[in-house]
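Take a look at the structure set out below.
Remember, predicted model here, so these are calculated numbers, not experimental data. Chain identifiers are assigned alphabetically (A, B, ...) following the order of the sequence lines, protein sequences preceding nucleic acid strands; residue numbering begins at 1 within each chain.
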There are 4 protein chains.
Amino acid sequence: MTSRKKEKYHFILDAALKVIAENGYHNAQVSRIAKEAGVADGTIYLYFKNKEDILISLFRDRLGDLVQLFHDSIQETDSADEALRKICEIHFTQLETNVNLAYVTQIELRQSSIELRKAIGEVVKTYIELIEKVLRQGIDAGLFHADLDVKLTRLLVFGAMDEVVTSWLISGRKYTLASQVDKTVDFFIRGLKA
Amino acid sequence: MTSRKKEKYHFILDAALKVIAENGYHNAQVSRIAKEAGVADGTIYLYFKNKEDILISLFRDRLGDLVQLFHDSIQETDSADEALRKICEIHFTQLETNVNLAYVTQIELRQSSIELRKAIGEVVKTYIELIEKVLRQGIDAGLFHADLDVKLTRLLVFGAMDEVVTSWLISGRKYTLASQVDKTVDFFIRGLKA
Amino acid sequence: MTSRKKEKYHFILDAALKVIAENGYHNAQVSRIAKEAGVADGTIYLYFKNKEDILISLFRDRLGDLVQLFHDSIQETDSADEALRKICEIHFTQLETNVNLAYVTQIELRQSSIELRKAIGEVVKTYIELIEKVLRQGIDAGLFHADLDVKLTRLLVFGAMDEVVTSWLISGRKYTLASQVDKTVDFFIRGLKA
Amino acid sequence: MTSRKKEKYHFILDAALKVIAENGYHNAQVSRIAKEAGVADGTIYLYFKNKEDILISLFRDRLGDLVQLFHDSIQETDSADEALRKICEIHFTQLETNVNLAYVTQIELRQSSIELRKAIGEVVKTYIELIEKVLRQGIDAGLFHADLDVKLTRLLVFGAMDEVVTSWLISGRKYTLASQVDKTVDFFIRGLKA
DNA sequence: AATGAATGAGATTTCATTCAT
DNA sequence: AATGAATGAAATCTCATTCAT
């Protein structure tokens, strides 16, 4: 893709994010996204295979960045518990900073169907595997319980954080997510400690 | 309602559950549900206001029963940790027993919108408040950490269990949910202990 | 028909008149009429062939009475101009007295279809022929223009009165119809005079 | 609108007029109109908000032209009685020339409801006000009766003409409307003369 | 590369009528 | 005679996608 093309590609993703966040998934018509992006309806199809492809791309693009952030951040940490804290901190603060993204990923895109949810699943899987990796490190370092079921625990950790974010959104964001990091991680650490 | 009417009402809900589970939410046309229930399309509308009303009723009816189960069960327990174990056990085994219900509530009905999601929200809220109640009991009994944030922790507990069920379904139910109860509850208890 | 049957027959017609007047033709469902009449839906079909038959019967029954009134009244008059005045007076005052009937015949029933409109046409035809008869009497008595086209003029007279009633209804009945009789008849008489 | 768009807009209105005239209001499905217009069903909705909007537009478009004709024609007349004659002549000959239009406006569109009837009411009101204007001119010129009630008389005149047209249609158009103009106007003039 | 007018499949819901009780 | 639960046909409108320009 030329840089011009790249530009329009991102315009469309930005537009999709905004339109879905503002109007909800069921009112995010392709024509609306096109209008918001400042292109013709047909132009969308020069960059994306179909509507679902927009959403999948949006998800991959934005959450991919996020997962990369996780990877980068835990490189810099020494201990598993610090890594876990870092993960939770990024998870919460990034979504708090990008409310549209939070809203779209936690609420709206879950209404979508098969293909998209597979794509979501894949991105989430990467993230969950990252959590698993940290858990293993913690066990290996003797920090976490030796007979922890990592396949299960990674779900418990992810599910717990995911629910906190969703609940925060639904409640109308009356408090900060950042303020929930310490208490959340403390609960995890205690649950995991050797 | 006469008993005959009640009967048909439940036939339709049963049919809806089966059709959604088998065909997915977006292929659960009213006519399909009617056919499965053995009634005419129009008959549906003698029992339900509209399509969404079927789903809301389905949710209320089936999950309401479940929440009642939770309430009843923890009456019989003495300690908060036993209550928590009971909750997780019922949560997992009930959904394991009713796979269609699990599939529909965890995967399919989340695609629906506004009214239904409000209804889902209300049932889930009742459940989450039940968890909170157990947490408070544990704190009062000196069993759980005194400075636990119950509003946060109830989300962590619910979110963790919810994710385990969803993941089990998506994975194709290759293991039993019942086998995950102990490990899950142990994680919670350790995280909560005073 | 027994007297009991007759009674229920008229209950249903009364109910139909009321329901149409209050809810409009398109919201006058058979079930609503049945409820208003205090009978079951199915009972309607013991007295009427179908929905249209209710409306036709309603029209025949009520407007038939009216046409009879016209006939009776002009028997008592000596001159054609007096007969014409009488006709207009009855036309206006009867509909002013029975607003529901006026509303239903002038506004609502005109929305109906073929069969009903044929029936309306027949009743109206009787009335128009009555007007024609009066016109002929006037001509024969040397009171009205000798070369009047009676087939045309009866329409002019009926159409003019009909429009006055409809307009009065649509305007919200802000004035009395009775007050329009003299001016209306004067216009006719001048137009007809030899 | 480009000229191409305008063209299709009028194709659809033409089709609607034809379909309603041939099949009656209740059998004038959107799909039938679309087929007659040679466009896809969905295309209709690029030009009209909904089905009622087609009918309202049809009425406004066609009857608006007619009312304009009335306005133009009476500009050229000197006396009120000539103006009245011109109005009746146009009224009768235009509808005689456009039988479909006559049929649709006199018979079919009166079956429709609320919005459409409001729109009809507005167009008719303009016409009735035009008649009133002519009546006033006649009074001012000393041609018509000084104490004429113009608000009433305009209805008598319009109602009379309207009934003649409707009756002519229902009768199966066995005579010409044009042949009724003189006799109709003579009746009016005699009724109005000072 | 870009446009945007045109396409057309597809599903919910209403309500007059029936018929077993 | 009366009931009223059940029937099922039928039509509007939306919106993702295409393709001629």
Side-chain angles (χ1 to χ4, degrees), chain A residues 1-2 4-5 8 26-35 37-55, chain B residues 1-2 4-5 7-9 12 26-35 37-54, chain C residues 1-2 4-5 8 26-35 37-55, chain D residues 1-2 4-5 7-9 12 26-35 37-54:
Chain A
M1 269 200 284
T2 69
R4 272 293 300 252
K5 278 202 84 162
K8 205 160 276 192
H26 285 296
N27 281 314
Q29 294 87 344
V30 171
S31 61
R32 217 162 183 163
I33 295 173
K35 198 174 179 184
V39 301
D41 293 14
T43 306
I44 299 273
Y45 292 86
L46 299 174
Y47 295 87
F48 300 94
K49 211 172 65 209
N50 51 32
K51 186 181 178 181
E52 196 150 59
D53 191 29
I54 307 175
L55 304 180
Chain B
M1 268 198 284
T2 69
R4 272 294 303 251
K5 280 203 80 163
E7 212 171 53
K8 203 158 281 190
Y9 176 87
I12 295 170
H26 286 298
N27 280 315
Q29 294 90 340
V30 171
S31 61
R32 221 161 181 163
I33 295 172
K35 198 172 180 185
V39 300
D41 292 15
T43 305
I44 300 275
Y45 292 87
L46 297 175
Y47 296 88
F48 301 93
K49 215 172 60 210
N50 51 35
K51 187 180 177 182
E52 192 153 60
D53 191 31
I54 307 175
Chain C
M1 268 199 284
T2 70
R4 271 294 302 251
K5 277 203 81 163
K8 205 160 277 190
H26 286 297
N27 281 315
Q29 293 88 344
V30 171
S31 61
R32 218 162 184 163
I33 295 172
K35 197 174 180 185
V39 300
D41 293 14
T43 306
I44 299 273
Y45 291 86
L46 299 174
Y47 295 88
F48 301 93
K49 213 172 61 208
N50 52 32
K51 185 181 180 181
E52 196 150 59
D53 191 29
I54 308 176
L55 305 181
Chain D
M1 268 199 282
T2 70
R4 272 294 301 252
K5 279 203 83 164
E7 210 171 54
K8 204 157 280 193
Y9 176 88
I12 295 170
H26 286 296
N27 281 315
Q29 296 89 338
V30 171
S31 61
R32 220 161 182 163
I33 295 173
K35 199 172 180 185
V39 300
D41 292 15
T43 304
I44 300 275
Y45 293 87
L46 297 176
Y47 295 88
F48 302 93
K49 214 172 61 210
N50 51 33
K51 187 181 176 181
E52 193 153 59
D53 191 31
I54 306 176

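Look at CZ on D/Phe48: it is 15 Å from C1' on E/dA5, rounded to the nearest Å. Spacing between atom CD1 of A/Ile33 and atom P of F/dA16 amounts to 8 Å, rounded to whole angstrom units. Counting to the nearest Å, the P atom of E/dT3 and the NZ atom of A/Lys35 are 15 Å from each other. To the nearest angstrom, C1' of F/dC15 lies 14 Å from CD1 of A/Ile44. Following rounding to the nearest Å, B/Asp53 (CG) and E/dT12 (P) show an atom-to-atom distance of 14 Å.
For F/dA6, the OP1/OP2 oxygens have a side-chain nitrogen or oxygen of B/Lys8 closer than 4.0 Å. Residue C/Tyr47 places no side-chain N or O under 4.0 Å from the OP1 or OP2 atom of F/dA1.
Between C/His26 and D/His26, the ring planes lie perpendicular to each other; the angle is over 60°, past the 30° to 60° tilted range.
Considering D/Val39, D/Leu46, D/Ile44 as possible partners of D/Lys8, the one that fulfils the side-chain contact (heavy atoms from CB on, under 4.5 Å) test is D/Val39.
Contact between B/Tyr47 and B/Ile12 at its shortest, heavy atoms only, is CD1-CD1, 3.9 Å.
The distance from the CG atom of C/Asp41 to the OH atom of C/Tyr45 is 8.0 Å, given to the nearest 0.5 Å. The distance from the CD atom of D/Gln29 to the CG atom of D/Asn27 is 5.5 Å, given to the nearest 0.5 Å.
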For DNA chain F, the dot-bracket notation using Watson-Crick and G-U wobble pairs below 3.5 Å, [ ] for pseudoknot-type crossings and | for other-strand pairs, is .||||||||||||||||||||

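The residue among C/Ala40 and B/Gly38 whose nearest nucleotide of DNA chain F is located toward the 5' end is C/Ala40.
No side-chain heavy atom of C/Val30 sits under 4.5 Å from any side-chain heavy atom of C/Arg32.
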5' to 3', nucleotides 13-21 of chain E under a 4.0 Å protein heavy-atom cut-off (B base, S sugar-phosphate only, - none) gives BBSSBB---

